[in-house]
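What follows is one structure encoded as structure tokens, with my remarks underneath.
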Amino acid sequence: MPDTYGSHAEYMDWVKDVADSRGRYIEDALRQAFSAFVEKREVEIIVFSRMTALDLAEAIMAHPFILKPLLAACNVAARAIERDLSIKNVNTYNPRLSGDQAKVIAGYIKPFLPPYLEIPALCRVDRVEFIDKEIRKGKGRWEKAILKSLNQFGSLPFVKRMFNAAGEKFELDAAAPRSGDIKVGIDIKRIEARRDIHKRCDEIVNKAAKLKATFPDSKFGAVMYYPFIGEHINIQNRLRSENIDAVVFASEADESIKSAVRMLLSILGISEKG
């Protein structure tokens, strides 16, 4: 990396001392908190301090699935690999690496690995990371389901589109038509915590203003996921703007999605397919 930009190794150095301090505190706190339930058991460990980077690379090549828990144990993500090593598009859960790539990654993460780790601990780390990925994937399917319903019921073809406004690029989760001037722009937004309301609503209001400034005759709508039903009116009030033509709410249920989309199309004056 250029000298003026930080690498992952530098980021790790920034937090090493405080992380070590917290680690000692947490270890002591856990022993005290669960003193009546602490047991000593024999467990298999991997002694990383005994292996070379080449040993590590050979292990990764022979068993690619181990890469994710190793990276997680080092607090290294795919973005760091791409940024620091210029190895792009690594699927850390099921990687396909050349021998040279495996060697470079092994040499990169070896200094971040602890002297040893218990195999059950590594398995648990992998499980936590995998579950988080799958949950995020499921949330992404909700957005796709909204887009699918827009195309199922709407007479206009909706696709994800970008537009430029005042030198900035903005993305619409659904827009019609597929090319040319945008007639309808839809922002599909999940808000799952009350503390995110202000930021997310401001993003929608800003995007709507930019769309209308660029395409004055366009219409803008928002499909919202917000699990606090009694507070939906607060969201609607926050999104009250001359640039926003419609706001609807949908849960993850199929019927809720279809109902919200059909209501949105009606408010925006888009006819349904015959």
Side-chain angles (χ1 to χ4, degrees), residues 1 5-31 33-34 37-142 190 192-193 196:
M1 294 292 292
Y5 290 88
S7 67
H8 191 74
E10 291 173 314
Y11 301 152
M12 292 288 281
D13 282 341
W14 292 351
V15 299
K16 182 181 184 303
D17 290 342
V18 67
D20 288 345
S21 177
R22 176 178 169 81
R24 291 189 294 269
Y25 176 81
I26 292 297
E27 184 176 347
D28 185 56
L30 287 170
R31 284 200 178 98
F34 300 109
F37 307 98
V38 173
E39 299 177 4
K40 287 189 177 181
R41 296 184 177 181
E42 188 174 295
V43 64
E44 292 177 301
I45 66 171
I46 302 169
V47 185
F48 294 110
S49 61
R50 283 177 42 205
M51 69 178 69
T52 66
L54 184 57
D55 293 328
L56 188 59
E58 290 175 349
I60 293 170
M61 282 298 295
H63 304 279
F65 280 97
I66 69 172
L67 181 61
K68 184 60 185 183
L70 292 174
L71 292 175
C74 299
N75 202 51
V76 172
R79 287 184 179 86
I81 291 175
E82 181 171 339
R83 183 189 65 237
D84 295 350
L85 305 180
S86 297
I87 300 176
K88 297 181 179 180
N89 303 318
V90 176
N91 179 350
T92 56
Y93 290 92
N94 185 18
R96 296 182 179 180
L97 302 171
S98 67
D100 288 341
Q101 288 175 329
K103 290 175 185 176
V104 170
I105 292 174
Y108 177 73
I109 67 174
K110 181 68 169 63
F112 302 137
L113 285 167
Y116 67 89
L117 268 176
E118 299 82 358
I119 288 180
L122 266 177
C123 290
R124 189 66 184 182
V125 166
D126 181 80
R127 176 181 172 82
V128 170
E129 293 286 326
F130 180 77
I131 288 174
D132 180 67
K133 173 184 75 76
E134 290 298 301
I135 289 174
R136 284 186 281 110
K137 185 192 294 185
K139 292 177 180 179
R141 283 195 289 266
W142 175 80
R190 290 181 72 104
E192 302 193 49
D196 293 333

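Numbers here are sequence positions counted from 1. Computation of the quantities below employed the complete heavy-atom set of this structure, encompassing side-chain atoms and omitting hydrogens, waters and symmetry-equivalent molecules.
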For residues 102-130, which side-chain N or O atoms pair as donor and acceptor with protein atoms under 3.5 Å away, sequence neighbours left out?
from	atom 1	to	atom 2	distance (Å)
Tyr108	OH	Asp84	OD2	2.6
Lys110	NZ	Phe48	O	3.2
Lys110	NZ	Met51	O	3.3

Output the distance between atom [atom1] ([X]) and atom [atom2] ([Y]), rounded to the nearest 0.5 Å.
X: Leu56; Y: Ile66; atom1: CG; atom2: CD1; value: 6.5 Å
X: Leu71; Y: Ile81; atom1: CG; atom2: CD1; value: 4.5 Å
X: Phe65; Y: Thr92; atom1: CZ; atom2: OG1; value: 11.5 Å
X: Asn91; Y: Lys68; atom1: CG; atom2: NZ; value: 9.5 Å

Salt bridge (charged side-chain N to carboxylate O under 4.0 Å, His left out) partners for Arg24, two or more places apart: none
Listed partners of Arg190 passing salt bridge (charged side-chain N to carboxylate O under 4.0 Å, His left out), at least two apart: Glu192, Glu252
Derivation and outcome, side chain to side chain contact (heavy atoms under 4.5 Å, CB included), residues Val15 and Asn75: CA-CA 12 Å; Val15 299; Asn75 202 51; over 6 Å; no
Residue pair Lys137, Glu134: steps toward the salt bridge (Lys or Arg N to Asp or Glu O under 4.0 Å) verdict: CA-CA 5 Å; Lys137 185 192 294 185; Glu134 290 298 301; 3.3 Å; yes
Shortest non-hydrogen contact from Gln101 toward Ile87: NE2-CG2, 3.7 Å
